[in-house]
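See structure below.
Because the structure is a prediction, the values reported are computed rather than measured. Just follow the structure's listing: the first ligand is 1, and inside any ligand the first atom is 1.
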Amino acid sequence: MKGAIVTGSARGLGKEIAVMLAKEGYATAINYRKSGKEAKKTLQVLIEINRNCLSVKGDLTKQQNVKKLFESAKKKFGRIDVLVNNVGDFLYKPLLQTTKKELMGVIENNVATALLCSKEAIKAMRKQGYGRIINIGSTGCDELLAPEMTTPYYMAKTSIWLLTKALARAAGEGITVNMVSPGILKTSIVKKEGVEYTSFDEVTNAILMLIKSSHNGKNMAVARWKPEG
Ligand SMILES: NC(=O)c1ccc[n+]([C@@H]2O[C@H](COP(=O)([O-])OP(=O)(O)OC[C@H]3O[C@@H](n4cnc5c(N)ncnc54)[C@H](OP(=O)(O)O)[C@@H]3O)[C@@H](O)[C@H]2O)c1
């Protein structure tokens with residue numbers, strides 16, 4: 001059966017991506033750190049679409065939890081066709097008030113999780129000769145932006161852009177690695193006058209387009225929606 005993993009998907013954008021993939025016929029594994037209640041509800045929704053979906057708890061900054069997620073999905077699905085690296089904590093704070101712990105935390109949460117999960121996915125995808133990896137960026141992260149309140153977050157997302165390029169080159173035959181960079185989502189804690197928010201559908205449609213694309217390995221497309229006003 002076709003198998004997919006979406007990281008950080010008990011709620012928010014990750015949940016919507018998981019539902020889209022289940023509707024597209026993927027047995028989908030969701031993952032969360034603490035949101036057990038939300039994960040249970042999301043899994044119920046997914047199982048009604050595809051009874052093979054599953055949920056795996058674990059902070060993906062820890063290697064052993066990444067292994068557990070991939071082992072559970074491989075055991076149940078037999079293969080991993082799609083990985084969406086959606087985990088990505090946000091930090092909204094003036095740069096000069098940011099602590100080292102906060103800086104390292106936001107980078108570890110966004111970048112290390114994407115690298116650790118991609119390495120596991122690529123191992124499985126190379127055996128299959130096929131795979132699709134999508135990283136979630138943030139609009140403008142490919143333009144070396146340094147927004148006043150979100151510089152460490154943008155440092156992390158720009159790193160994911162570089163990581164996407166490097167993984168696309170290294171992944172191998174039949175495996176594509178792309179990044180989708182949404183604008184501000186309706187669920188964001190940031191509320192701005194006059195901003196047109198990005199809808200979940202816009203993001204999931206972009207992901208689906210990239211998953212269906214047949215570019216082979218070395219290509220990387222960055223889909224960007226609605227830059228901040
Ligand atoms: N929200 C926006 O406006 C916006 C805009 C552009 C890009 N993005 C990006 O889109 C993605 C999703 O954003 P969102 O706002 O939907 O996120 P969110 O509501 O904060 O949800 C994130 C999910 O990820 C999980 N998570 C966080 N760290 C984790 C870890 N280390 N291991 C496992 N699970 C972890 C959380 O689980 P727990 O609840 O259990 O901790 C939660 O279920 C992120 O990459 C974000 O940077 C968001």
Side-chain angles (χ1 to χ4, degrees), residues 5-20 29-43 45-46 55-70 72-73 83-92 102 104-118 120 133-143 145 147 149-161 163-164 179-192 195-204 206-207 222-229:
I5 294 177
V6 185
T7 69
S9 42
R11 57 189 170 86
L13 178 61
K15 174 187 171 182
E16 302 301 320
I17 298 168
V19 169
M20 178 276 287
I30 58 162
N31 147 264
Y32 64 99
R33 191 173 41 182
K34 291 175 282 193
S35 303
K37 267 191 198 158
E38 287 93 335
K40 209 170 163 188
K41 279 191 202 153
T42 300
L43 185 61
V45 172
L46 291 175
S55 168
V56 183
K57 181 179 180 182
D59 177 348
L60 299 180
T61 60
K62 309 266 185 299
Q63 178 93 45
Q64 69 268 28
N65 293 334
V66 173
K67 291 243 177 246
K68 186 175 92 177
L69 171 62
F70 278 79
S72 309
L83 164 68
V84 181
N85 284 311
N86 172 73
V87 161
D89 275 353
F90 185 60
L91 180 68
Y92 192 78
E102 288 168 334
M104 300 320 283
V106 79
I107 289 177
E108 183 180 33
N109 193 270
N110 277 272
V111 187
T113 57
L115 175 62
L116 294 179
C117 291
S118 298
E120 284 302 317
I133 299 177
I134 307 288
N135 295 325
I136 303 297
S138 190
T139 188
C141 70
D142 54 323
E143 292 172 358
L145 291 186
M149 298 294 281
T150 53
T151 303
Y153 176 72
Y154 268 81
M155 289 162 78
K157 291 301 192 187
T158 298
S159 297
I160 290 188
W161 178 54
L163 186 70
T164 305
M179 181 170 77
V180 171
S181 293
I184 303 175
L185 300 168
K186 287 191 186 93
T187 48
S188 174
I189 56 164
V190 179
K191 304 289 173 212
K192 281 193 178 176
V195 166
E196 199 183 341
Y197 290 94
T198 302
S199 72
F200 287 139
D201 279 355
E202 286 173 288
V203 184
T204 56
I207 292 172
V222 180
R224 298 174 54 238
W225 267 259
K226 294 184 183 157
E228 284 181 51

Which of the atoms in ligand 1, numbered in the order shown and given with their element, are less than 4.0 Å from a heavy-atom of [X]?
X	answer
Ile136	9 (C), 10 (O), 11 (C), 45 (O)
Asn109	28 (N), 29 (C), 30 (C), 31 (N)
Asn31	33 (C), 34 (N)
Ser138	6 (C), 7 (C)
Gly58	32 (N), 33 (C)
Gly183	5 (C), 6 (C)

Could you identify the single nearest non-hydrogen protein atom to [atom] and state the distance to 0.1 Å?
atom	result
atom 8 (N) of ligand 1	Tyr153 OH, 3.5 Å
atom 40 (O) of ligand 1	Lys34 N, 2.4 Å
atom 7 (C) of ligand 1	Gly137 O, 3.3 Å
atom 14 (P) of ligand 1	Leu13 N, 4.3 Å
atom 24 (O) of ligand 1	Gly8 CA, 3.2 Å
atom 35 (C) of ligand 1	Val87 CG2, 3.5 Å
atom 45 (O) of ligand 1	Asn86 O, 2.7 Å
atom 48 (C) of ligand 1	Leu185 CD1, 3.7 Å

Practice problem: Indicate yes or no for a side-chain donor-acceptor contact from Asn135 to the backbone of Met179 under 3.5 Å, with no hydrogens or angles considered. | Solution: no
Exercise. Using atom types as modelled and distance alone, determine if a side-chain donor or acceptor of Glu202 lies under 3.5 Å from a backbone N or O of Ser199.
Key: yes
Short N or O distance, [X] and ligand 1, threshold 3.5 Å exclusive:
X	result
Ser35	yes
Arg11	yes
Gly12	no

Quiz item: Closest heavy-atom contact between Asp142 and Trp161?
Solution: CB-CE2, 3.5 Å
